[in-house]
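A, B, ... follow the sequence lines: proteins, then strands. Residue 1 opens every chain. Treat the numbers as computed from the prediction; the structure is a model and nothing was measured.
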There are 2 protein chains.
Amino acid sequence: MFAQTFCQVSISRICCVHKEWKANLLKKIDNYRPTLADVAAEADVSAMTVSRALREPGRVSEETRNRINAAIEKLGYVPDPAARTLAAKRSDIIGVIVPSVTNSVFSDVMNGIYSVAENTPYQIQFGNSHYSPIEEERLLRTFLGQKPVGLIVSGIDQTPTSKALLEKAPCRVVQIMETAPDPIDMIVGFSHRDSAVAATRHLLDQGYKKPGMLAARMDPRAQRRVEGFRQVATERGRWNEEAVVMTPARSSVTLGGHLMADLLSKVPETDAILCNNDDLALGALFECQRRGIKVPEDMGICGFNDLEMMAAAYPSLTSVRTFRSEIGKQATHMLLAALSGEGPAEMMHDVGFEVIARQSTQRRPG
Amino acid sequence: MFAQTFCQVSISRICCVHKEWKANLLKKIDNYRPTLADVAAEADVSAMTVSRALREPGRVSEETRNRINAAIEKLGYVPDPAARTLAAKRSDIIGVIVPSVTNSVFSDVMNGIYSVAENTPYQIQFGNSHYSPIEEERLLRTFLGQKPVGLIVSGIDQTPTSKALLEKAPCRVVQIMETAPDPIDMIVGFSHRDSAVAATRHLLDQGYKKPGMLAARMDPRAQRRVEGFRQVATERGRWNEEAVVMTPARSSVTLGGHLMADLLSKVPETDAILCNNDDLALGALFECQRRGIKVPEDMGICGFNDLEMMAAAYPSLTSVRTFRSEIGKQATHMLLAALSGEGPAEMMHDVGFEVIARQSTQRRPG
DNA sequence: TTGTACGCGTTATCAA
DNA sequence: TTGATAACGCGTACAA
C-alpha cells in the first residue's frame, strides 16, 4: 500500500564535498568589511559625516553626499547593526510574539506585519510562545534584552509579570487579536465574543433549533467565543450545556470529525453547529458526509476565520470572516506612526468581522 | 445576507489612555540595566571573570562562579547581545530565508527549525523572499550584515550573485527542501522529481489510464514535480501535454476547482489527477462532487505534502507525504553540529517521502 | 555644514 | 584561575 523511496548519497560524494568546503574556508578568511572610517577616508570626509549622510541625508550638503554615496558603492559598505545598536542604545528590532507559527491565523498576521515592515529600516523578530504564558514571559525578557523599538504581542492575557515588563518597557507596545478597555499601550483586533454572538444569531435566524458548538485549543480567545455562543443560546432559550463539545487539544480537520461524532452521540437531535475554527468545520462537514447527514438541510455548519477553502468547499461553508492580515498591517502601521513621533491617530483599533453566509447554513431554500 | 458588526471606541476612552501612557513614559526613564561591570563589582571580581563565568563556566573556580551567579541573580543582569556581537565579531543569529510564511509547507519547516533552536543560545531570524530570487539576494545581504553564525536558505536555485555571497559567507550554510549533487555547504531535503515519479506510478498502478496534472505557483520545485510526472507518463505511453494544467498563480483550494474545470474542458476523458499540492487536490475533489463525478471510481486524485486534512476528507485523499518539520529540524541539527566544531555526520541528508494511498485513488475495490 | 572626543557593553589577547 | 588593556564600529553631544 505504501511506497517509500530514498535517495542514496554516496560516501565518496561526502568526502569530496568536505574537501571543497575546506578550500572555501580559506577563501572566507579575506572577509574584510569596510567601516564608516573606510568610507570616510575614501570620500575625504569625517566618519561622522558619513554616518549623517546615511541617517539624515538632509543635513549633509548634496555634493559631499554624492561623494559619500559613491564611496559606499565602491567599497560595498554595509552598516553594522550591532555597533549601531550599541552606540544608539536601541536597536531597530520590532519583536513579535505569537502563540503559534503553524496556525494559519497567525501566519496571516505575520504576513501582514512583514508586508508593512518590509520597506522600513526595522527588523521583525518573531517569537513563538506555544500558547504558554510562561514561554511568553521568557520570550519577552529575551526581546527586551535586545532593546527593541517596539513590541507586538498576541492577546491580552499576559501574566502579571509580563504585563509589568511591558508597562515599563522602554518601547511602544501593541497588543493584537483582541479588543480591551485597558490596553497596555496600543491595541488592534476585534471582539471574539461579539463575533460568536453574531454567528450564533445567524444560525438561529436561519431556523436551526438545536445549536451546538465545537471547540478546541481552548485559549482565551476560544473561550470568549464559547461565551458569545452561550449568551445568545441562553437568551433565545436554546442553551444546552451538553451540546458544547470542547477539548484543549490542538485543532485539526480530523479532530473536527471526532468532535462532531462526539456531539452527535451526546445530543443526536443537534441540527446546527458553530465551530471554533474552520478546520473543525471542515472536519465536521466530512463527518456529516460520511454519515449521510445532509448539510445544510439536517445540519447547519458555521466555521470561524473564513479561510480561503471555506468558499470553495461543497457545499460552501459559512464562516465568520476575520481580518487577520489587516490586524498585522494595522498594528505595524500604528507602531510606525508612534515611532515617527507624530503619534498614532488612535490607540485602539477594531478591525471588526463579518458573518459570511453560504450554503452550509442555508436551511430555508433561498 | 451579511451581518457586520463593529465595536465602538469612545473618544473619551482614547484620551484617557493617552494620558496614562504619558505617565508610563516617565516610569520608563528609570530603565537602568546592570552591566558586566556592575555584576563584577557586586561579586568582587573583574568584568572579564564574569564574562567567562557566563560563557566558559569550567574555566572559573566554583566558588567565584557561585558568587557571580548570585550577583547576576540579585541585579537581574541580562547580557547585551549588541555589545557581545560587536566585540566577538559574530552574532548568535541563524538567518532563515523562506519563500513564504503563509504557505503551510514552510510554516511546518519554520516550526521544525524553532523547535530545535529554542533551547540553544542561538536566535532565529526569518526572511520572506516571496518566491523572488531578487528579494532573496537582498535578504541575504541584510542577513550577512548581521554576521550570522549560520544561514538556512530554501531551494537550490539562488541567483549567481546569491550563490557567490553564500560561498564566501563567513558562516555555515544549509540549503533545504531539495537534494542536489553540488550543495553550497550542507543540504537537507528530498527529490521532488522522484516523489512525483512515485505518485504517478501509483496512479497508473491503480489502473487509471488518462492521468492529468494540476499545478500552480510554478516555483522550481513545482516544475521538478511536473517533470517527474511527465517522465513516468511518457514511459508508460500515457503522456498528453494537454492534460497538464499549470498556472503561475498562488495555489489555493478555489484554484484547484478552477484548474480541475479547465482540465475537464480540455481533456474530458481524464480519469486521474496528480496535484501539485494538497490545496489543489481538495479543490479538485470539491469540483468533482459539484459535478457528480465519483471519486475514486471516475476520477483518481492524488495530492502532495499530505497535510493533516487529507486523511480526514471524505473520501480520504491520497497524497505524497513530505517531512517538512523534519527538514527544519535536521537542517538546524546539522548546523548546530557544524558549529559545535565536531562537524556534522553528513553534509547531505535526504529525508525521503512516502506515497500514502487512500480512498481517492482506490479504483479497484479492495 | 562638518568635525572631535568620548562612550556604548562586551570579548580577545596577553600577562600575572 | 584571574585580571588589565585594547579593540569592536558606530552615535551622541558639543564645538567649530
* Any side-chain N or O of B:Arg55 under 4.0 Å from OP1/OP2 of C:dA12? -> yes
* Below 4.0 Å: OP1/OP2 of C:dT10 and any side-chain N or O of B:Ser51 -> no
* Between B:Ser61 and B:Thr64, is a side-chain hydrogen bond (donor to acceptor under 3.5 Å, both in side chains) present by the stated rule, with each step listed? -> CA-CA 6 Å; B:Ser61 78; B:Thr64 40; 2.7 Å; yes
Please list, chain by chain and in numerical order, all residues satisfying side-chain contact (heavy atoms from CB on, under 4.5 Å) with [X], sequence neighbours excluded.
| X | result |
| --- | --- |
| B:Leu75 | B:Pro34, B:Asp38, B:Val39, B:Glu42 |
| A:Glu56 | A:Arg52, A:Arg59 |
| B:Glu73 | none |

* To do: Could you tell me, to 10°, how much the axis swings from one end of the helix from C:dT1-D:dA16 to C:dA16-D:dT1 to the other, five pairs per end?
  => 20°
* Asked: Is there a donor-acceptor contact under 3.5 Å linking the side chains of B:His349 and B:Glu346?
  -> yes
Anything under 3.5 Å between a protein N or O and an N or O of nucleotides 1-5 of chain C, put it in a table, one pair a line.
| from | atom 1 | to | atom 2 | distance (Å) |
| --- | --- | --- | --- | --- |
| C:dT2 | OP1 | A:Ser61 | OG | 3.0 |
| C:dT2 | OP1 | A:Thr64 | OG1 | 3.0 |
| C:dT2 | OP2 | A:Ser61 | N | 2.8 |
| C:dT2 | OP2 | A:Thr64 | OG1 | 3.2 |
| C:dG3 | OP2 | A:Ser46 | N | 2.9 |
| C:dG3 | OP2 | A:Ser46 | OG | 3.2 |
| C:dG3 | OP2 | A:Thr49 | OG1 | 2.5 |
| C:dG3 | O6 | A:Arg52 | NH2 | 2.4 |

* What pairs meet the side chain to side chain donor-acceptor pair (under 3.5 Å) rule with one or both residues in residues 106-121 of chain A, with sequence neighbours excluded? -> A:Asp108-A:Arg324, A:Glu118-B:His130
* **Stretch residues 67-80 of chain A: residues that reach within less than 4.0 Å of DNA chain D through a heavy atom** => A:Tyr77, A:Pro79, A:Asp80
* To do: Give me the residues of residues 81-89 of chain B where at least one heavy atom lies under 4.0 Å from an atom of DNA chain D, by number, or none.
  => B:Leu86, B:Ala87, B:Lys89
* Asked: Considering residues at least two apart in sequence or located in another chain, which fulfil the ring pair (Phe, Tyr, Trp, His ring centres under 6.0 Å) criterion with A:Tyr122?
  -> none
* To do: Whole angstrom is fine here: how far is it from CD in B:Glu56 over to P in C:dT13?
  => 11 Å
* To do: Of all the heavy-atom pairs spanning A:Ile176 and A:Ala331, show the shortest one and how long it is.
  => CG2-CB, 3.6 Å
* To do: On DNA chain D, reading 5' to 3', which nucleotide is the first and which the last to sit with an atom under 4.0 Å from a heavy atom of chain A, could you check?
  => D:dG9 to D:dT12
* **Sidechain N-carboxylate O distance under 4.0 Å for A:Glu137, A:Arg141** => yes
* Test B:Arg65 against B:Glu62 for salt bridge (Lys or Arg N to Asp or Glu O under 4.0 Å), laying out the working first. => CA-CA 5 Å; B:Arg65 208 191 313 146; B:Glu62 186 168 344; 5.1 Å; no
Identify every side-chain donor-acceptor pair in residues 85-95 of chain B under 3.5 Å, counting partners at least two apart or on other chains, and give the distances.
| from | atom 1 | to | atom 2 | distance (Å) |
| --- | --- | --- | --- | --- |
| B:Thr85 | OG1 | B:Pro81 | O | 2.8 |
| B:Ser91 | OG | B:Ile93 | N | 3.2 |
| B:Ser91 | OG | B:Gln146 | O | 3.0 |
| B:Ser91 | OG | B:Lys147 | O | 2.9 |

* **Qualifying residues under salt bridge (Lys or Arg N to Asp or Glu O under 4.0 Å), relative to B:Glu63, sequence neighbours excluded** => B:Arg67
